Amino acid sequence: MLLAGCGAAAPAKSVAPAGYDFPALSGRVVDSAKLLPEPARSAISAKLATLEKRTGHQFVVVTVPGLGDHTIEDYGVTLLRTWGIGRKNINDGVLLIVAPVERKVRIEVGYGLEKTLRDEEAKAIIDSAILPAFRAGDFPRGIAGGVDGVINEISVPERQAA
């Protein structure tokens with residue numbers, strides 16, 4: 001199964017709900033805030049494609065220039081649903097959302113992976129792999145570290161069965 005909008009298995013909704021300004025789902029890495037140089041985007045996209053091929057889980061990284069008047073939690077869950085990330089009957093999508101202007105980052109997890117990647121684990125990835133790099137001004141390293149952390153958590157077969 002391919003990512004919706006990247007070869008289209010499950011079609012994503014084409015229009016954001018009223019009051020939201022979402023970027024277009026153009027690939028596994030949607031860098032609307034322009035934080036990633038091309039080599040970093042390509043490397044991350046390749047990792048996400050490999051993850052999906054191996055596990056079926058869909059994982060998208062999105063950077064946005066702003067959240068509007070929304071919390072990152074609300075923005076993230078609405079974006080996850082609007083884009084249709086994850087397999088329809090399994091709800092196993094993951095978004096890593098970075099909003100640099102608001103200085104916010106979030107890992108949004110579909111219901112089907114909530115036991116595999118719990119809130120505490122997502123917070124630990126953000127605190128240990130993402131934020132230290134962001135504080136040093138290195139967005140590519142922070143995003144890549146977050147991607148690696150999430151992949152490590154959701155790729156372990158015994159955790160998926162738990």
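Note that the coordinates shown come from a computational prediction; the quantities given were computed from them, not determined experimentally.
Under the rule for a side chain to side chain donor-acceptor pair (under 3.5 Å), Arg103 has no partner lying at least two apart in sequence or in another chain. Evaluation of the salt bridge (Lys or Arg N to Asp or Glu O under 4.0 Å) rule for Lys104 yields no partner, not counting sequence neighbours. By the salt bridge (Lys or Arg N to Asp or Glu O under 4.0 Å) test, Asp138 is found to be paired with Arg141, residues two or more places apart in sequence or in another chain being considered. Taking Arg106 as the reference, Glu108 meet the salt bridge (Lys or Arg N to Asp or Glu O under 4.0 Å) condition, with sequence neighbours excluded.
Pairs of residues two or more places apart, or lying in two chains, never qualify as ring pair (Phe, Tyr, Trp, His ring centres under 6.0 Å) while including a residue from residues 23-51. Identified under the ring pair (Phe, Tyr, Trp, His ring centres under 6.0 Å) test for residues 109-137, with sequence neighbours left out: Phe134-Phe139.
Within the 4.5 Å cutoff, the side chain of Ser155 has heavy atoms near those of the Leu51 side chain. Under the 4.5 Å side-chain criterion, counting only non-hydrogen atoms from C-beta, Leu113 is not in contact with Asn91. Contact of the Thr78 side chain with the Pro17 side chain is registered, since non-hydrogen atoms from C-beta on lie closer than 4.5 Å. Within the 4.5 Å cutoff, the side chain of Val94 has no heavy atoms near those of the His57 side chain. Ile44 places a side-chain heavy atom less than 4.5 Å from the side chain of Ile143.
Distance alone, capped at 3.5 Å, is enough to place a donor-acceptor pair between the Asp31 side chain and the Leu36 backbone.
The two residues Val98 and Val105 come nearest to each other via the heavy atoms CG2-CG2, 4.0 Å. Between Asp21 and Tyr75 the shortest heavy-atom distance is O-OH, 3.3 Å. Of all heavy-atom pairs spanning Leu95 and Gly76, the tightest one is CD1-O, 3.8 Å. Closest of all the heavy-atom pairs between Leu131 and Asp127 is CD1-OD1, 3.7 Å. Contact detail for Ala129 and Gly146: the closest heavy-atom pair is CB-N, 4.1 Å. Ser32 and Pro23 get closest at one heavy-atom pair: OG-CB, 3.0 Å.
Only one option out of Arg87, Gln58, Lys47 pairs with Glu52 in a side chain to side chain donor-acceptor pair (under 3.5 Å); it is Gln58. When the options Val60, Ile130, Val150, Val62 are evaluated for a side chain to side chain contact (heavy atoms under 4.5 Å, CB included) with Leu96, the one that passes is Ile130.
Atom-to-atom distance recorded for Ile107:CD1 and Ile72:CD1 is 10.5 Å, nearest 0.5 angstrom. Expressed to the nearest 0.5 Å, how far CG of Asn152 lies from CD of Glu121 amounts to 11.5 Å. Between the CD1 atom of Ile151 and the CZ atom of Phe59 there is a distance of 6.0 Å, given to the nearest 0.5 Å. Interatomic distance, CD1 of Ile125 versus CG of Asp148, reported as 10.0 Å (0.5 Å rounding). Interatomic distance, CD1 of Ile154 versus CG of Asp92, reported as 8.0 Å (0.5 Å rounding).
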>> Assess the residue pair Val30 and Trp83 against the criterion (side-chain contact (heavy atoms from CB on, under 4.5 Å)); give the C-alpha distance rounded to whole Å, side-chain angles, the decisive distance to 0.1 Å, and a yes or no.
In response: CA-CA 12 Å; Val30 179; Trp83 277 357; 3.9 Å; yes

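Val147 and Leu35 fall within the same hydrophobic cluster, defined by Ile, Leu, Val, Met, Phe, Trp and Tyr side-chain heavy atoms under 4.5 Å apart, directly or through other members.
In this structure, His70 and Tyr20 have parallel ring planes: the angle between them is below the 30° cut-off, well short of the 60° mark.
Remark: Arg118 does not engage Glu153 in a salt bridge, criterion side-chain N to carboxylate O under 4.0 Å. Salt bridge annotation for Lys123-Asp119: absent, with no cationic side-chain nitrogen under 4.0 angstrom from a carboxylate oxygen.
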